[in-house]
Amino acid sequence: MSSCGITLQQRPCRFFWPYLFFRSFKFEFCYSNPHHFGNNFYHSSDSPGSLEFLYASLLEKSTERNHLKQIHSQLYRHGLQSDGFVITKFIRRGCDLTEVEYARQLFDEFPEPYVSLWNAIIMGYSTHNMLDKVVDMYWRMQRGLVSPDPRTFPHVLKACGGLAAEEIGLAVHAQIFRHGLEGDVVVQNGLVAFYVKCGKIDRARVVFDGLNRKNVVSWTSIISGYIQHGHPVEALRLFRDMRGSGVKPDWISLVSVGKAYSDIDDLEQGRCHHSLVMKMGLEFEPDLRIALTSLYAKCGQVMAAKSLFDQMKVHNVILWNAMISGFVKNGHAIEALDLFYEMISKDIQPDAVTLQSAVLATAQLGSLEQARLMDFYVKNSQFRDDVFVNTALIDMYAKCGNLELARQIFNQISNKDVVVWSSMIMGYALHGLGKEAADLFNEMKHARVSPNNVTFLGLITACSHSGLIDKGWEFFNSMKEFGIQPSQQHYAGVVDLLGRAGCVEKAYNFITAMPVQPGVSVWGALLSACKTYRQVALAEYAAERIFALDPLNIGHYVQLSNLYASSRMWDGVAKVRVLMKKKGLNKVLGCSTIEINGKLHAFRMGDKTHSRSEEIYNKLEWLETRLVECGFAPDKESALHDLDEEEKEAILCNHSERLAIAYGLISTAPGTTLRITKNLRACVNCHSATKLISKLVNREIVVRDAKRFHHFKNGSCSCGDYW
DNA sequence: CGCTTCGAGG
């Protein structure tokens with residue numbers, strides 16, 4: 001006899017209490033007539049009409065723990081307190097209402113839970129990302145000799161992947177094999193995702209290839225796997241295969257594919273992708289729109305991204321992050337910060353990613369005042385101890401010219417990882433402090449943190465910028481002891497190290513002995529050494545290589561041209577100029593900014609647009625006179641930063657940084673440190689002039705150029721004339 | 001079962 005029949009016939013008088021519940025929960029169908037259940041037509045526990053079914057329906061309508069408890073207390077009256085079907089429903093509903101603890105309590109009270117109950121609680125933990133609990137329950141289940149079923153495995157695999165618990169996952173794989181679940185696409189998809197998360201993309205591929213009926217989740221798992229492991233091209237190839245095999249993409253798969261296009265920075269394909277999304281009618285899927293916004297932002301189409309952003313109805317934090325980080329990536333620091341402040345003013349809570357992007361924007365801006373504000377904001381937020389945000393803060397303070405504050409942040413971080421150490425070392429490199437970088441590296445080894453390729457890049461750069469040739473060379477050679485392959489950047493760093501110190505020949509020999517083909521950066525380092533030491537023939541050779549590899553980068557042409565000019569080889573200058581014209585390249589104009597009272601003032605060379613222009617030029621003239629009195633004689637040959645303007649260039653040097661300095665002098669109190677940010681590298685003349693100015697006016701002047709920091713004080717510069 | 005924002009440099 002069915003449980004339904006027994007229940008209803010034995011306890012008919014108690015029957016109408018669920019009816020009251022129905023009323024109070026506005027249930028859509030109301031069994032007002034108890035006789036409706038009087039027949040024995042329904043006979044399985046999950047058919048409508050059974051008491052179990054009524055419980056299940058009630059549970060679906062409950063919205064809080066107290067409802068659940070109320071209903072649960074009724075179970076004893078019906079002798080259902082140990083009914084697996086009903087308790088399973090209770091556990092599931094409890095988990096849905098994020099009452100996982102309560103669900104667990106119900107589970108624990110159940111005398112001998114069988115597989116459905118285990119699955120319910122495991123699923124609950126899994127959906128709330130309590131992954132260690134999932135693994136724990138799985139282990140208990142094994143010990144209780146309850147055999148898992150196909151519904152158990154996906155959650156356990158998700159947990160193993162999330163915890164990077166490779167060994168456990170492998171054991172689960174073996175168990176899946178023993179269960180003969182090769183054909184279960186959901187379980188196998190779980191395996192694919194597990195191997196992806198453990199970094200075993202090849203094994204994931206083997207599982208994927210073994211599936212004879214792949215669904216859209218199978219394809220998305222392997223495609224996103226390739227994207228996460230830096231193979232967007234293979235991912236896109238698989239996406240084509242997927243469409244060829246007739247599997248229709250859903251919005252989640254399109255999110256992944258969008259990321260692949262942004263990774264290969266292919267705007268054209270990205271636009272095609274957008275039209276595919278529209279063709280499939282998925283353009284209003286919120287998360288897909290976020291992915292598209294991010295795609296446009298990363299491909300440099302900031303305005304397109306912004307218009308998508310503005311069109312979105314719901315602005316969640318991920319969308320804001322995509323937009324803010326998009327601005328930062330494309331060098332629009334001010335827009336990024338504007339957006340950040342807009343977000344705060346709208347009371348949208350930033351998360352760690354938002355703060356990180358905002359800090360990066362501040363670093364780009366180079367304003368120390370803004371940096372302090374940002375630091376203050378972070379320190380008063382719940383992300384004050386977030387290692388990502390703090391790493392960005394170190395970088396920010398270093399790039400805003402204050403290494404002491406960078407170091408303070410560094411010191412306060414507990415559990416410093418390799419990125420934290422590397423950032424601080426990079427900070428020292430930026431300021432040309434080789435010894436400090438090397439000391440920090442010793443501390444790092446002491447703390448038993450393994451260096452990576454960036455650590456060494458920082459060390460070599462730091463040595464190079466402070467003339468520590470032997471030390472830098474030593475660092476380069478010690479890389480292999482740490483099992484790190486030198487990259488092009490490291491080779492370029494060594495060429496820079498040797499070349500800067502005047503060993504141009506040695507640098508060239510080093511290049512010819514390289515085990516890999518030298519790239520643009522390596523030849524570029526040689527070219528700039530040749531420029532400094534006026535080695536025309538070798539420079540021409542290097543330039544030839546560079547132009548073949550990277551014909552559209554203006555910087556190299558300018559450098560070669562400047563070398564010709566400083567060697568009075570005017571036909572060479574003309575030749576380069578023709579070459580640049582032919583390629584349609586325009587020089588980047590020098591621009592310097594100075595922050596006065598929280599406002600940025602930007603100056604171009606010869607700029608007369610500033611409202612206090614007259615005062616600025618008066619001050620400049622005054623400075624120039626004083627400089628000449630001190631015996632300052634500009635080196636005309638190397639002052640040819642702007643070739644078109646060279647004839648017009650009077651004794652008065654009007655390079656942008658000098659305008660910024662002059663403005664700083666007339667608008668701040670005596671003794672105030674001037675902080676200037678410049679988009680190009682400092683020219684020799686301005687560098688020596690600034691040294692003298694710092695002494696003349698008794699001011700510290702901090703200049704961030706395109707490559708590094710210069711701290712001018714009392715007639716000398718922290719770079720030791722070595723940059 | 002699968003997805004989107006993200007740190008040090010170039």
Side-chain angles (χ1 to χ4, degrees), chain A residues 123 126-127 150-151 153-158 161 184-194 196-197 204 208 215-225 227-228 249-260 262 285-295 297-298 316-326 328-329 350-357 359-360 363 386-396 398-399 406 410 417-427 429-430 452-458 460-461 487-490 492-493 519-521 524-525 706-707:
Chain A
M123 197 173 98
S126 164
T127 48
R151 297 165 70 87
F153 293 120
H155 298 292
V156 178
L157 287 168
K158 177 188 165 190
D184 188 313
V185 70
V186 177
V187 171
Q188 297 296 314
N189 288 348
L191 277 171
V192 173
F194 161 71
V196 163
K197 286 195 197 118
F208 173 80
N215 64 16
V216 66
V217 177
S218 326
W219 286 99
T220 308
S221 303
I222 194 73
I223 288 173
S224 75
I227 293 167
Q228 281 160 43
D250 64 358
W251 69 266
I252 295 183
S253 62
L254 293 172
V255 165
S256 283
V257 172
K259 180 160 165 52
S262 64
E285 197 60 57
D287 285 7
L288 189 46
R289 281 180 82 101
I290 295 176
L292 283 171
T293 309
S294 154
L295 168 64
K298 281 201 206 142
N316 66 12
V317 78
I318 296 180
L319 176 64
W320 285 91
N321 290 348
M323 199 59 235
I324 293 174
S325 73
V328 177
K329 231 172 227 140
D351 67 1
V353 176
T354 325
L355 290 187
Q356 192 183 11
S357 297
V359 172
L360 285 172
D386 183 280
V387 74
F388 277 43
V389 175
N390 277 295
T391 306
L393 283 177
I394 294 177
D395 178 56
M396 174 190 79
K399 283 183 179 152
F410 173 84
D417 67 2
V418 60
V419 184
V420 172
W421 287 95
S422 303
S423 305
M424 195 62 229
I425 289 175
M426 271 295 175
L430 198 61
N452 66 10
N453 58 334
V454 182
T455 319
F456 279 101
L457 197 60
I460 296 169
T461 314
S487 72
Q488 288 288 335
Q489 272 73 42
H490 296 93
V520 182
S521 51
K707 265 251 155 71

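Throughout, protein chains are lettered first and strands after them, A, B, ... in sequence-line order, and every chain is numbered starting at 1. Values reported hereafter were calculated over all heavy atoms of this structure, with side chains retained and with hydrogens, waters and symmetry mates removed.
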Under 4.0 angstrom between [X] side-chain N/O and [N] OP1 or OP2:
X      : N     : value
A/K197 : B/dG2 : yes
A/K399 : B/dA8 : no
A/K298 : B/dT5 : yes
A/Q228 : B/dC3 : yes
A/S325 : B/dC6 : yes

Report summary line: Those residues at least two apart in sequence (or on a different chain) that pass side-chain contact (heavy atoms from CB on, under 4.5 Å) with A/S262 are A/K259, A/L295, A/K298
In this structure, how many angstroms lie between the [atom2] atom of [N] and the [atom1] atom of [X], rounded?
X      : N     : atom1 : atom2 : answer
A/D250 : B/dT4 : CG    : P     : 13 Å
A/D351 : B/dG7 : CG    : P     : 13 Å
A/F456 : B/dA8 : CZ    : P     : 20 Å
A/F208 : B/dC1 : CZ    : C1'   : 14 Å
A/N189 : B/dC3 : CG    : P     : 11 Å
A/R289 : B/dT5 : CZ    : P     : 17 Å
A/L288 : B/dG2 : CG    : C1'   : 14 Å
A/I227 : B/dC3 : CD1   : C1'   : 9 Å

Nucleotide nearest [X] (side chain, heavy atoms from C-beta), chosen from [options]:
X      : options             : answer
A/L360 : B/dT5, B/dC3, B/dA8 : B/dA8
A/S224 : B/dG2, B/dG9, B/dT5 : B/dG2
A/V353 : B/dC6, B/dG7, B/dC3 : B/dC6
A/S357 : B/dT5, B/dC6, B/dC1 : B/dC6
A/F388 : B/dC6, B/dT5, B/dC3 : B/dC6
A/V255 : B/dT4, B/dG2, B/dA8 : B/dT4
A/V387 : B/dA8, B/dC6, B/dG7 : B/dG7

Just to be sure I understand the rule, does [X] reach a base, reach only the sugar-phosphate, or reach nothing, if contact means heavy atoms closer than 4.0 Å?
X      : result
A/W251 : base
A/S422 : base
A/N316 : nothing
A/V216 : base
A/S221 : sugar-phosphate
A/D395 : sugar-phosphate

Report task. Would you mind reporting whether A/W251 and A/D287 have side-chain heavy atoms less than 4.5 Å apart? Result -> yes
Query raised in the report: Below 4.5 Å, heavy atoms only, C-beta onward: do A/Q356 and A/N321 meet side chain to side chain?
Result: no
Query - Check against side chain to side chain contact (heavy atoms under 4.5 Å, CB included), A/N390 and A/V387 - result: CA-CA 5 Å; A/N390 277 295; A/V387 74; 5.6 Å; no
Query raised in the report: Do A/N390 side-chain and B/dG7 base share a donor-acceptor contact under 3.5 Å?
Result: no
Report task. Would you kindly check whether a donor in the side chain of A/N215 faces an acceptor in the base of B/dG2, or vice versa, at under 3.5 angstrom? Result -> no
Report summary line: Contacts of A/N452 meeting side chain to side chain donor-acceptor pair (under 3.5 Å) (sequence neighbours excluded), chain-then-number -> A/T455
Query - Check: A/S253 main-chain N/O paired with A/D250 side-chain donor or acceptor under 3.5 Å - result: yes
Query raised in the report: Is the side chain of A/S423 donor-acceptor paired with the backbone N or O of A/V419 at a distance under 3.5 Å, no angle test?
Result: yes
